[in-house]
Amino acid sequence: MKSEALDGGDMSSPALIHLNQSGPTEFVFRVFTSSTRIQILLFCFFLFLYVMILCGNAAIIWAVYTNISLQTPMYFFLSNLSFLEICYTTTLVPLMLSNIMGERKPIPMGGCATQMFFFATLGSTDCFLLAVMAYDRYVAICHPLQYTLIMTPQLCTQMVAGALGLALFLSLPLTSLVFTLPFCGRFLEINHFFCDIPPVLQLACADTRVPQAVLYVISILVLTIPFLLICISYVFIAITILHIPSAEGRQRAFSTCSSHLTVVLLQYGCGSLVYFRPPSSTPADEDRHIALVYTFVTPLLNPIIYTLRNKDVKNVLKKAMSKKAASENL
């Protein structure tokens with residue numbers, strides 16, 4: 001019987017499961033592979049990346065909050081971005097790792113809704129914070145004499161709180177709208193490794209045009225508008241940099257922006273590919289592969305880019321490591 005296989009046996013078979021069984025709806029995630037050897041390799045690889053994300057971003061937070069020289073608006077936003085990346089990946093990766101090896105574990109509808117809500121909230125806050133960081137670079141480069149007057153600690157805190165508040169305002173009704181739809185069946189397979197909105201909507205047994213339209217509008221608010229604001233900021237930044245007389249000054253100004261731009265292009269580019277395409281045009285596994293970029297690559301690049309290209313952060317971390325090595329040698 002299918003029910004026996006799914007409740008206690010192999011749950012690796014794809015497709016829709018249990019269309020006519022009674023009981024609360026639960027979801028399972030599609031497996032990456034059925035090969036045990038590849039499952040072990042994937043588990044170790046993703047676990048290694050997750051640990052690196054946690055350590056790298058935690059190191060940035062520690063460096064900023066333990067060194068007075070780094071307690072500036074730019075590093076305040078960077079530390080908040082690192083904290084978001086830790087929360088963001090922790091929302092997705094542990095559950096993903098638990099489902100890579102062995103039998104797939106069903107997630108109840110409430111658990112799926114909770115994961116979707118936190119993913120949407122943290123991801124949206126991430127996008128808004130990248131726009132705030134672009135504004136910070138604009139003020140620092142285009143209005144350096146007024147920088148401390150404009151970017152006050154109160155304004156910086158308000159901007160971070162505003163980014164989080166706006167993300168909550170958009171994510172809560174969207175998640176509620178998705179899970180007011182009926183889902184027909186006992187076990188439904190999500191063609192993803194977490195409860196993302198598009199693959200969950202594909203499982204609803206009702207008209208999803210309204211939720212799809214709401215998702216599209218919110219995607220414009222979260223992705224398009226902040227990206228346009230970032231582009232406008234960098235147009236003014238580029239004009240100002242080109243008017244700097246010394247080549248060294250131009251290079252220094254550009255280096256403070258290039259790291260941010262790299263993260264922006266990855267974050268907004270991958271998000272646009274997932275949320276702005278019609279569902280019918282999306283290949284079965286392409287969204288999963290794109291999601292791996294903003295689940296692992298972007299959070300991992302954040303500390304790598306900002307530490308390798310930032311002398312202040314590198315110096316603080318080097319001093320901390322040298323002090324630790326000296327204390328161990330005593």
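Atom set for the values below is all heavy atoms of this structure, side chains included, hydrogens, waters and symmetry mates excluded.
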On a heavy-atom basis, which atom in [X] and which in [Y] lie closest, and how many Å separate them?
X    : Y    : value
I150 : L155 : O-CD2, 3.0 Å
S82  : N302 : OG-ND2, 3.5 Å
Y268 : A131 : OH-N, 4.2 Å
T180 : L177 : OG1-O, 2.7 Å

Within a strict 4.5 Å, meaning less than it, do heavy atoms of the [X] and [Y] side chains meet?
X    : Y    : value
E26  : I107 : no
L201 : Q212 : yes
N80  : L84  : no
F77  : L129 : yes
R288 : F29  : no
Y135 : M151 : yes
Y50  : P94  : yes
L266 : L301 : yes

Distance-only, no hydrogens or angles: does the [X] side chain make a donor-acceptor pair with backbone N or O of [Y] under 3.5 Å?
X    : Y    : result
K105 : N99  : no
D126 : L122 : no
D196 : H192 : no
Q39  : T33  : yes
Q267 : T298 : no

[atom1] of [X] to [atom2] of [Y]: how many Å apart, nearest 0.5 Å?
X    : Y    : atom1 : atom2 : result
T66  : I61  : OG1   : CD1   : 11.5 Å
L81  : F76  : CG    : CZ    : 12.0 Å
M74  : C156 : CE    : SG    : 12.0 Å
I40  : L42  : CD1   : CG    : 10.5 Å
I86  : T91  : CD1   : OG1   : 11.5 Å
I237 : I141 : CD1   : CD1   : 5.0 Å

Worksheet entry | Pairs satisfying disulfide (SG to SG under 2.5 Å), at least one member in residues 110-144, at least two apart | C112-C195
Worksheet entry | Where at least one partner belongs to residues 35-101, residue pairs that pass disulfide (SG to SG under 2.5 Å), sequence neighbours excluded | none
Fill in: Set of ring pair (Phe, Tyr, Trp, His ring centres under 6.0 Å) partners for F119, sequence neighbours left out
Y88, F194
Practice prompt. With sequence neighbours excluded, tell me which residues meet ring pair (Phe, Tyr, Trp, His ring centres under 6.0 Å) with F27.
Written response: F183
Practice prompt. Quick one: list whatever passes disulfide bond (SG atoms under 2.5 Å apart) with C231, sequence neighbours left out.
Written response: none
Discussion item. Can you pull out every side chain to side chain donor-acceptor pair (under 3.5 Å) where at least one residue sits in residues 145-168? Sequence neighbours excluded, please.
Written reply: D136-Y147
Counting only heavy atoms not in [X] (residues, nucleotides, ligands), do more than 12 fall under 6.0 Å from its [atom1]?
X    : atom1 : value
H243 : NE2   : no
M109 : CE    : yes
F32  : CZ    : yes

Discussion item. With a 4.5 Å cut-off on side-chain heavy-atom distances among I, L, V, M, F, W and Y, is there a chain of contacts connecting L41 to F43?
Written reply: no
Fill in: Transitive ILVMFWY side-chain link V293 to F48, under 4.5 Å
yes
Between side-chain atoms of residues 218-230 and protein atoms elsewhere (two or more places apart, or another chain), which donor-acceptor pairs fall under 3.5 Å?
from	atom 1	to	atom 2	distance (Å)
S219	OG	L215	O	2.7

Discussion item. Can you pull out every salt bridge (Lys or Arg N to Asp or Glu O under 4.0 Å) where at least one residue sits in residues 69-91? Sequence neighbours excluded, please.
Written reply: none
Worksheet item: In terms of the angle between their ring planes, are F276 and Y216 parallel, tilted or perpendicular, with boundaries placed at 30° and 60°?
Response: perpendicular
Worksheet entry | Test side chain to side chain contact (heavy atoms under 4.5 Å, CB included) applied to M52 and N57, step by step | CA-CA 8 Å; M52 291 295 293; N57 285 286; over 6 Å; no
Can you give me every donor-acceptor pair (side chain of residues 162-175, partner residue at least two apart or in another chain, under 3.5 Å) with its distance?
from	atom 1	to	atom 2	distance (Å)
S171	OG	A120	O	3.4
S171	OG	T121	N	3.2
S171	OG	T121	OG1	3.4
S171	OG	A167	O	2.8
T175	OG1	S171	O	2.9

Worksheet item: Considering residues at least two apart in sequence or located in another chain, which fulfil the side-chain hydrogen bond (donor to acceptor under 3.5 Å, both in side chains) criterion with Y138?
Response: H143
Discussion item. Is it the case that the side chains of Y75 and S69 hold a donor-acceptor pair, with the cut-off being a distance below 3.5 Å and no angle test?
Written reply: no
Worksheet item: What residues, two or more places apart in sequence or in another chain, satisfy salt bridge (charged side-chain N to carboxylate O under 4.0 Å, His left out) together with R209?
Response: D207
Discussion item. Under 4.5 Å side-chain heavy-atom separation, chaining through any Ile, Leu, Val, Met, Phe, Trp or Tyr, what else clusters with I239? Say none if it is isolated.
Written reply: V235
Fill in: Candidate pair I100 and L97, rule side chain to side chain contact (heavy atoms under 4.5 Å, CB included), full reasoning
CA-CA 5 Å; I100 286 181; L97 291 175; 4.2 Å; yes
Fill in: Derivation and outcome, side chain to side chain contact (heavy atoms under 4.5 Å, CB included), residues V93 and T295
CA-CA 8 Å; V93 176; T295 303; 4.0 Å; yes
